[in-house]
Novice: 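Pasting a structure here, questions to come.
Because the structure is a prediction, the values reported are computed rather than measured.
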Amino acid sequence: MTGRAAGGRADQERAQKAMVAALRWPSPLRQRLSKCGEDGHWMWNEWRCHSPACVRCRGRYTRKQERQLSAALGDTTNADLSMFTIMFGVASEADDIGPIWLKAKRDLRNRVNAMRRASPRWDRVALTGWVEADPIIFDDMARLGTHQRAMLAGLNTPCWRADGGPAWVVHAHGITYHPKIDWQETQAAFASQWQGERRAHVQPFDASKSVDANIGGVVRYATKYHAGRWIGSGFDYWPASWMAEYYDWADRFSQGWQSMRFRMNGRAMIDSREMNNASSVDVSYIEPMYTTSSFNSYPILYTDGGRLA
């Protein structure tokens, strides 16, 4: 399939149907996905599966994420906010994604806490992010560009599967609120934790856009779903069996998006000059979100043509 229309909503729904058909049977996830959208027990009540694998439910949650983060961060300035991307590791199979992600969340929290011990300017730093995992096979290595190969060289080498199934590149995108420090210091802190070329990247918000527009762009990017990748001018869909393998794991690992999100609030301030904003931005009520994507933003793994929404 070619052209920038590929990977759109209709294509995503077709890919989801193929993935559902590839799920094992019996499968609780398959039953929920097949039922999603049906009438509920009460008139005009639509039953929803709330699964990360569902294109319909993902869209609802993405819009909700935008509204809630805009409410939490809408009074800040672009200079206080950045998008972060961190590459954590390569899972040899889907069941290995969870341990990598759980360790990554601990490491991220420990890194911020270490920076807080070193400087009170980090006290109000707050983070919200979502994990992603992209499939990759050994033959892909020959198709990647120089930067992509260099980035992967800094990660662990998976046990490539004899059955031709994929390994999974585990990473996260999200928003950093850093009112007392600049984005370069945030970048340096993350890069010191996750060393290697292009593993950690902090991108300041676009000063030409409103805060809400920037927040919306990051949230849509971090929670996007494309069951494939752009290679040149063509869109290469991943096999339905890969997506079935992944979402079967995700359904067992997490209830909805509950375990797929990372959130870290800032500490309350005691300086009287901060009393009008005594607590740093609180995003505790924001529901988690999870997707898998095609690495079409920094650091770009599969294509040089990606950009933020």
Side-chain angles (χ1 to χ4, degrees), residues 5-21 23 27-74 83 101 127-134 172-175 210-228 237-238 240 243-244 246-263 281-294 296-297 308-309:
R9 177 60 179 266
D11 291 327
Q12 292 175 36
E13 290 179 348
R14 282 191 290 269
Q16 178 178 312
K17 289 181 180 179
M19 182 271 293
V20 169
L23 284 167
S27 166
L29 176 60
R30 182 172 183 168
Q31 293 173 344
R32 291 200 305 276
L33 289 170
S34 299
K35 184 180 178 182
C36 188
E38 294 180 358
D39 291 337
H41 296 293
W42 298 276
M43 187 176 293
W44 312 116
N45 178 41
E46 181 183 284
W47 191 88
R48 299 176 181 177
C49 69
H50 301 292
S51 169
C54 179
V55 174
R56 183 186 294 108
C57 290
R58 182 183 298 107
R60 293 190 183 103
Y61 273 90
T62 296
R63 291 187 292 272
K64 190 173 184 179
Q65 291 283 316
E66 290 184 54
R67 292 193 299 269
Q68 292 181 335
L69 268 174
S70 290
L73 301 172
M83 174 184 176
W101 174 231
L127 306 172
T128 300
W130 300 270
V131 66
E132 297 182 319
D134 272 15
H173 303 295
I175 292 176
S210 69
V211 170
D212 284 351
N214 279 317
I215 290 173
V218 174
V219 172
R220 288 191 299 273
Y221 180 74
T223 60
K224 66 191 176 299
Y225 170 75
H226 296 293
Y237 277 100
W238 293 317
M243 296 295 94
Y246 168 73
Y247 283 118
D248 179 71
W249 162 80
D251 191 59
R252 290 181 282 110
F253 178 74
S254 176
Q255 182 178 0
W257 289 270
Q258 183 174 350
S259 299
M260 308 298 188
R261 184 268 313 262
F262 175 85
R263 175 185 55 79
V281 172
D282 182 4
V283 292
S284 61
Y285 62 88
I286 297 175
E287 297 180 42
M289 181 68 200
Y290 183 78
T291 60
T292 184
S293 75
S294 55
N296 50 357
S297 183
L308 282 173

Novice: Is a side-chain donor or acceptor of K224 paired with a backbone partner of Y221 at a separation under 3.5 angstrom?
Specialist: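 Yes: the side chain of K224 pairs with the backbone of Y221.
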
Novice: For a quick test of reading the model, state the closest non-hydrogen atom pair linking V219 to T223 and the distance between them.
Specialist: O-OG1, 2.6 Å

Novice: Would you name the heavy atoms of W101 and A172 that are closest together and state the gap between them?
Specialist: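 Residues W101 and A172, closest heavy atoms: CZ3-CB, 4.1 Å.
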
Novice: What is the distance from atom SG of C54 to atom CG of L33, rounded to the nearest 0.5 Å?
Specialist: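 Those atoms lie 6.0 Å apart.
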
Novice: Nearest heavy-atom pair of Y237 and A15: which atoms, and what distance?
Specialist: CE2-CB, 4.3 Å

Novice: Of all the heavy-atom pairs spanning C57 and H50, show the shortest one and how long it is.
Specialist: SG-N, 3.3 Å

Novice: The criterion is side chain to side chain donor-acceptor pair (under 3.5 Å); which residues satisfy it with Q31, sequence neighbours excluded?
Specialist: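 Expected list: none.
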
Novice: Determine whether R220 and T62 satisfy the following criterion, side-chain contact (heavy atoms from CB on, under 4.5 Å), listing intermediate values before the conclusion.
Specialist: CA-CA 6 Å; R220 288 191 299 273; T62 296; 4.1 Å; yes

Novice: My understanding is that only residues two or more places apart in sequence, or in another chain, count here; which of them pass ring-ring contact (aromatic ring centres under 6.0 Å, His included) with F262?
Specialist: none

Novice: Mind checking what makes side-chain contact (heavy atoms from CB on, under 4.5 Å) contact with R63, not counting sequence neighbours?
Specialist: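 R63: side-chain contact (heavy atoms from CB on, under 4.5 Å) contacts with R60, R67.
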
Novice: For Q16, give me all partners under side chain to side chain donor-acceptor pair (under 3.5 Å), at least two apart in sequence or on another chain.
Specialist: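 Scan of Q16 (side chain to side chain donor-acceptor pair (under 3.5 Å), adjacent residues dropped) gives none.
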
Novice: Looking at CD1 of I175 and CG of L73, how far apart are the two atoms once the value is rounded to the nearest 0.5 Å?
Specialist: 6.0 Å

Novice: What closest approach, in Å, do R30 and L23 show between heavy atoms, and which atom pair accounts for it?
Specialist: NH1-O, 3.2 Å

Novice: Please report the shortest heavy-atom distance between G228 and W238, naming the atom on each side.
Specialist: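 For G228 versus W238, the nearest heavy atoms are N-CE3, 3.2 Å.
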
Novice: Output all residues satisfying salt bridge (Lys or Arg N to Asp or Glu O under 4.0 Å) with D248, sequence neighbours left out; order by chain, then residue number.
Specialist: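 With sequence neighbours excluded, D248 shows a salt bridge (Lys or Arg N to Asp or Glu O under 4.0 Å) to R24, R252, given in chain and number order.
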
Novice: Quick one: list whatever passes side chain to side chain donor-acceptor pair (under 3.5 Å) with R32, sequence neighbours left out.
Specialist: D251

